[in-house]
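Worksheet: one structure, shown below.
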Number of protein chains: 2
Amino acid sequence: MRTSNVDAIQTVSFIGAGNLATQLALTLFEKQNEIQQIYSRTLDSASLLASQVGAEATDNLEDISAKVDLLVISISDKAMPEVVSRLQGLNTLVVHTAGSVPMDILSSCSPRIGVFYPTQTFTKAVRVSFDNIPLCIEANRDIDYIRLKQLAQLISTHVTEVSSAQRKSIHLAAVFACNFSNHMLAIADDLLQKEDLPLDILKPLVVETIEKAFRISPKKGQSGPAIRHDQNVIAEHMVRLSDKPLFAEIYEKVTKSIQEI
Amino acid sequence: MRTSNVDAIQTVSFIGAGNLATQLALTLFEKQNEIQQIYSRTLDSASLLASQVGAEATDNLEDISAKVDLLVISISDKAMPEVVSRLQGLNTLVVHTAGSVPMDILSSCSPRIGVFYPTQTFTKAVRVSFDNIPLCIEANRDIDYIRLKQLAQLISTHVTEVSSAQRKSIHLAAVFACNFSNHMLAIADDLLQKEDLPLDILKPLVVETIEKAFRISPKKGQSGPAIRHDQNVIAEHMVRLSDKPLFAEIYEKVTKSIQEI
């Protein structure tokens, strides 16, 4: 049973002092949360962040106290198994911030586990606002889900409950939406470079395409020769790509997919 | 020989009263150009635009006078051959505004021809500034190229000389950069809908991806499992796509292309 009569999360510690940990710790600190400890493999990194949020810095995982309301593990996917194996039997809420790691990886750390995943990339240098960043949260206990949700809503207006299975779909979707659309720009850049033209010549069109996709949906916003079934233009483009067989195969498959979706 | 001691273009007429013609006529009018005539197949469309720029409206191509410095043909690619065949032997500079049509299509209209192609889509309803829209211009005579360039520079800071051959490459590149990247979002949307998740959950990531691509180049900005050669994640994604064979083929080809480009 979910109720809002729960104690709010007030004290938070961080495992990791990377880009996301830094942005999140600074933001929670400003929202009156008490940041207790920052762990990093290198004491300098831990100290740099700790000094900004009034926390204690450590490079020793054994120093980490479970006497906090929330322990946030924000490290690389690769480092997760080893760090998790060294954080056993804590009796507090432990979450990670990774998009592609199931919540269950934390099972040996604590009976109370969760995920706090912002769908955005971060850099330490540029301070970001979480206001418009979707926060995907998950917890194995209802009461902890409510606490995480309250904390998330302090900093973002886009808080969504997302299961580990759903997060896998988000990750796959992001490969298409981000990595692959970026590669479409890389192919365009390659084609333009051959004619000594800068990619910037397409910037207003690309920006408008993306804005329109989010405004009316990408399916409704689709334009170009594929959706118009303009065989003359498609055939001409295939001829122009004859010296780039992989680009030609991509052109053919994506054209077919646009016509079939 | 190109020199800047040329008479500037001052009087302009338009064949077409569509989105681009409307935006361009309004902008040139504001920049003190005299708009003389607006032709459209429907007199209402011609009159609507003509009344805003102090021009004469007509739905009869034979009314169009060659006594202007510039005649802009801004109609659909499909309508171009027929309209062009009815505009014979004009003795003034005639340009079209199409991305994918060679300049030479205008050869029978006038000995002085060119292209004035903004790489952006337009809607009538939303007034746009041309300031940051790249204008690709071409002319068969040097003196007319200079005139077109001067006119273009009145309204945009991004004026580039682009040959008909280069415009073909821009058009092909735009299919990848706009139509195909939009379809990558459509695939992402499809995958997310199956999990009852909105595409908006990826918006900040997509926007940052596109900004980064133009900031540091898409090749340098590439991230994700393909460029990391993360075979575990790639194999898992292929399994998840097994019920979508066309998406799986696209995943495979684009992954290969990211690794090879």
Side-chain angles (χ1 to χ4, degrees), chain A residues 119-121 132-134 160 166 169-170 172-192 194-195 197 199-210 213-214 217-219 221-226 233 237 240 246 249-250 253-254 256-258 260-261, chain B residues 100 119-121 132-134 160 166 169-170 172-192 194-195 197 199-210 213-214 217-219 221-226 237 240 246 249-250 253-254 256-258 260-261:
Chain A
T119 57
Q120 179 57 298
T121 55
N132 293 307
I133 295 175
T160 314
Q166 285 177 311
S169 287
I170 294 176
L172 176 57
V175 168
F176 281 95
C178 301
N179 307 152
F180 287 4
S181 61
N182 181 72
H183 187 60
M184 297 303 116
L185 295 180
I187 293 176
D189 198 16
D190 187 277
L191 296 169
L192 291 171
K194 287 201 177 35
E195 299 281 349
L197 291 165
L199 182 62
D200 273 352
I201 215 161
L202 293 178
K203 190 173 179 183
L205 263 181
V206 172
V207 169
E208 169 59 18
T209 299
I210 301 299
F214 283 102
S217 102
K219 198 173 164 182
Q222 188 66 55
S223 64
V233 170
H237 284 169
R240 292 179 73 85
L246 195 47
E249 285 180 74
I250 290 169
K253 298 292 179 200
V254 177
K256 195 176 168 199
S257 182
I258 288 172
E260 287 183 7
I261 203 170
Chain B
S100 53
T119 57
Q120 178 59 297
T121 55
N132 293 307
I133 296 175
T160 313
Q166 284 177 313
S169 288
I170 292 176
L172 176 57
V175 168
F176 281 95
C178 301
N179 307 152
F180 287 4
S181 61
N182 180 72
H183 186 61
M184 297 302 116
L185 295 179
I187 293 176
D189 197 17
D190 187 276
L191 296 168
L192 289 171
K194 287 202 174 35
E195 298 282 349
L197 291 165
L199 182 62
D200 273 352
I201 215 161
L202 293 179
K203 190 173 180 184
L205 263 181
V206 172
V207 170
E208 169 60 18
T209 299
I210 302 298
F214 283 101
S217 100
K219 199 175 165 181
Q222 188 65 57
S223 64
H237 284 169
R240 291 180 74 85
L246 195 46
E249 285 181 75
I250 290 170
K253 298 293 180 198
V254 178
K256 195 175 168 202
S257 182
I258 289 172
E260 287 184 7
I261 204 173

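Worth knowing before you read on, the calculation uses all heavy atoms, side chains too, and leaves out hydrogens, waters and symmetry mates. In what follows, every chain begins at residue 1, and chains take the letters A, B, ... in the order their sequences are listed.
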If you tally heavy-atom pairs under 4.5 Å between each of B:Lys256, B:His183, B:Glu195 and chain A, the highest tally belongs to B:His183

Considering only heavy atoms and a distance below 4.5 Å, find which of A:Pro134, A:Ser257, A:Ser181 pairs most often with chain B. A:Ser257

Knowing that exactly one of A:Pro218, A:Ser217, A:Cys178 qualifies, which makes a side-chain contact (heavy atoms from CB on, under 4.5 Å) with B:Leu185? A:Pro218

Could you tell me which of A:Val233, A:Thr121, A:Asp200 has the largest number of non-hydrogen atom pairs under 4.5 Å with chain B? A:Asp200

Do A:Phe214 and B:Val206 come within less than 4.5 Å of each other through their side chains, counting heavy atoms only? yes

Smallest heavy-atom separation, A:Ala188 atom then B:Ala173 atom, equals CB-O, 3.4 Å

For the candidates B:Thr119, B:Leu191, B:Asn182, B:Val175, which exhibits the highest count of non-hydrogen atom pairs separated by less than 4.5 Å from chain A? B:Asn182

For A:Val254, is it the side chain, the backbone, both or neither that has a heavy atom under 4.5 Å from a heavy atom of chain B? both

When you compare the side chain of A:Phe180 with that of B:Ile258, does any pair of heavy atoms fall below 4.5 Å? yes

Under the salt bridge (charged side-chain N to carboxylate O under 4.0 Å, His left out) rule, collect the residues that match up with B:Lys194, sequence neighbours excluded. B:Asp190

Partner set under side-chain contact (heavy atoms from CB on, under 4.5 Å) for A:Glu249, not counting sequence neighbours: A:Leu246, B:Lys253

Within-4.5 Å side-chain heavy-atom neighbours: B:Ile250 and B:Met184: yes

Of all of B:Asn132, B:Thr160, B:Thr209, which one pairs up most often with chain A through heavy atoms under 4.5 Å apart? B:Thr209

Pick whichever of A:Ile261, A:Ile133, A:Asp189 has the most heavy-atom pairs under 4.5 Å with chain B. A:Ile261

Gap separating the NE2 atom of A:His237 from the OG atom of B:Ser100, nearest 0.5 angstrom: 7.5 Å

Could you tell me which portion of A:Leu197 (side chain, backbone, both or neither) has an atom closer than 4.5 angstrom to a non-hydrogen atom of chain B? side chain

What residue in B:Glu260, B:Arg240, B:Lys219 has the most heavy-atom pairs under 4.5 Å with chain A? B:Arg240

I need the residue from B:Gly221, B:Ser169, B:Gly224 with the largest number of non-hydrogen atom pairs under 4.5 Å to chain A. B:Ser169

Heavy-atom distances under 4.5 Å only: say whether A:Glu208 touches chain B with side chain, backbone, both or neither. side chain

